[in-house]
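Scope of the values below: all heavy atoms of this structure, side chains included, with no hydrogens, waters or symmetry mates. Both ligands and their constituent atoms are indexed starting at 1 by order of listing.
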Amino acid sequence: MNSRVVIRRCAEYKTELVQAAVSEAVRAACDWPALVRGKKVLIKINLLTDAPPDKAVCTHPEITRALIRACREGGAAEVTVGEQPGMQLSESPELAFENSGTAAVCREEDARMAPFSRFGYREVEVAGALKLRQLLVANLLLDAEVVIDAAKLKSHIQALYTGAIKNWFGVVASRDRKRSHHLNKLEPFSESLVDIFRVRPPDLTVMDAIVGMEGRGPGEGNPRHLGLVIASTDAVAADTVALHCADYARMNVPHVRIAAEQGLGKARLEEIDLDGPAIADVRVAFELPPRSFTNPPKIVTSVIYRFWSIRPKVLADQCQLCEACAKMCPVGAITMGETAAVINREICIECFCCHEACPHGAIGEKPTMLYRIMRWRERRKLAR
Ligand code: SF4
Ligand code: SF4
């Protein structure tokens with residue numbers, strides 16, 4: 001049976017516009033309000049870090065507000081807004097809620113604001129795991145009766161793209177985020193993302209694609225207007241449609257492909273019924289993240305993605321010696337030099353956590369030879 005994905009236009013983050021788009025989208029995507037009536041609902045947002053809404057790093061607070069209101073109107077018994085930001089904020093996750101505008105929305109709309117680490121984790125066996133057989137998963141996710149994936153459409157330097165599936169990275173404890181990052185090559189890392197996602201997939205995805213992020217996401221890219229809200233009970237299909245809307249389907253994103261191969265949803269447009277404008281009418285070609293290629297040959301996605309990588313590089317003239325990258329690095333590969341941070345290549349696992357953590361855009365990429373060859377091949381193809 002085909003999956004259904006709803007697209008609704010929403011030009012900007014005005015409360016009434018977002019509310020109308022989200023309310024319409026959830027009603028068209030599922031049996032709403034029956035889904036939430038009388039239930040304990042968790043809205044899992046994307047709060048990578050403590051960035052303000054205009055940076056397009058986090059799920060916009062107006063999306064969160066609209067979802068809380070839709071749940072309340074639908075008769076939800078309890079509404080919780082949950083997330084655990086990046087490891088650089090593991091001691092103070094509330095900062096991400098405050099600075100992203102989410103905390104204010106939770107207070108105004110009387111929803112519980114819940115950094116996952118404050119409510120604990122428990123060990124879960126992952127049936128059918130590809131890489132991570134046990135995971136420490138947020139109690140709030142496991143105990144919720146209904147889970148809504150309030151994802152944000154962005155480019156991602158390590159996973160190529162982040163939307164609905166990748167948003168689940170936030171539901172596991174730091175221990176497992178580190179284990180996942182240690183599988184630093186794209187294909188195994190993507191398999192671990194699917195393991196995390198399959199523990200407890202969302203009942204509904206509502207993606208903030210009003211302003212997404214292109215280029216050097218998930219934290220340092222440029223905001224890019226798309227003007228859409230995308231909703232589906234199939235998160236893989238929601239990601240698939242989002243990829244096509246941002247013209248990111250040209251990258252052949254491994255974690256979305258693998259999730260479909262694992263039977264977790266649909267990743268081919270022929271298997272998706274669209275409700276809303278045609279993709280061709282809303283598509284905006286987002287700038288690709290650094291290690292991606294347009295229409296890579298199959299061998300690249302299935303074999304070479306297992307082995308290749310790009311390396312982080314400190315941009316010395318931008319470094320402020322703030323140490324945020326050193327605190328975030330899972331293997332202790334960063335020390336402070338006299339004028340800039342220094343990466344120890346011998347132990348760096350190329351996870352790009354430092355890129356996510358750096359508040360000054362001072363972690364760039366050093367391409368490998370293979371990467372240069374592939375870029376050269378791509379430029380030649382485009383020139384013909
Ligand atoms: S230096 Fe950066 S990319 Fe390398 S292991 Fe540390 S955080 Fe990851
Ligand atoms: S690279 Fe970024 S995070 Fe690391 S010390 Fe320099 S400015 Fe701070």
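- Residue-level proximity to ligand 1 for E350 is carried by the backbone, the only part with a heavy atom below 4.0 angstrom.
- The F352 neighbourhood of ligand 1 comprises atoms 3 (S), 8 (Fe), with distances under 4.0 Å to a heavy atom of that residue.
- Here H60 and Y13 bring their ring centres to under 6.0 angstrom of each other.
- In this structure, E270 places its CD atom where more than 12 heavy-atom neighbours from other residues, nucleotides or ligands lie under 6.0 Å away.
- Side-chain polar atoms of E191 and H255 form no donor-acceptor pair below 3.5 angstrom.
- In this structure, a donor-acceptor pair under 3.5 Å is absent between the side chains of D176 and Y121.
- Close contacts between ligand 2 and M336 involve ligand atoms 5 (S) [criterion: under 4.0 Å to a heavy atom].
- Look at C358 and atom 2 (Fe) of ligand 2: an N/O/S atom of the residue is under 2.8 Å from the metal.
- Listed by number with element, the atoms of ligand 2 under 4.0 angstrom from any heavy atom of E323 are 5 (S), 8 (Fe).
- Judged purely by distance below 3.5 Å, without hydrogens or angles, the side chains of K44 and N167 pair a donor atom with an acceptor atom.
- Each of the following atoms of ligand 1 lies closer than 4.0 Å to a heavy atom of V331: 5 (S).
- Shown in contact with Q320 at under 4.0 Å from a heavy atom are these atoms of ligand 2, numbered in order with element: 6 (Fe), 7 (S).
- Of all atoms in ligand 2, numbered sequentially from 1 with element shown, those under 4.0 Å from a heavy atom of L321 are 5 (S), 6 (Fe).
- Applying the 4.0 Å criterion to heavy atoms of I363 picks out, from ligand 2, the atoms 1 (S).
- Here is the list of ligand 1 atoms found below 4.0 Å of a heavy atom in I334: 1 (S).
- Contact annotation for I349 and ligand 1: heavy atoms of both the backbone and the side chain come within less than 4.0 Å of the ligand.
- A salt bridge between R27 and E24 is absent, with no side-chain N of the basic residue lying under 4.0 Å from a carboxylate O of the acidic one.
- Ring geometry, H181 versus F189: the interplanar angle falls under 30°, so the pair is classed parallel (tilted spans 30 to 60°).
- Protein heavy atom closest to atom 8 (Fe) of ligand 1, with residue, atom name and distance, is C351 SG, 2.3 Å.
- Annotation: the span from M1 atom CE to D234 atom CG amounts to 10.0 Å, rounded to 0.5 Å.
- Looking at atom 6 (Fe) of ligand 2, its nearest protein heavy atom turns out to be C319 SG, 2.4 Å.
- Scanning all protein heavy atoms for the shortest distance to atom 2 (Fe) of ligand 1 gives C354 SG, 2.3 Å.
- Between the side chains of S117 and Q84, at least one donor-acceptor pair of N or O atoms lies under 3.5 Å.
- Ligand-side atoms of ligand 1 in range of C348: 1 (S), 3 (S), 4 (Fe), 5 (S), range being under 4.0 angstrom from any heavy atom.
- A distance of 14.0 Å separates CE of M213 from CG of L226, quoted to the nearest 0.5 Å.
- When distances to atom 6 (Fe) of ligand 1 are checked against a cut-off of 2.8 Å, C329 contributes an N, O or S atom below that limit.
- Comparing C325, C322, G361 against atom 4 (Fe) of ligand 2, the shortest heavy-atom distance belongs to C325.
- Not a single donor-acceptor pair under 3.5 Å links the side chain of N222 to the backbone N or O of R224.
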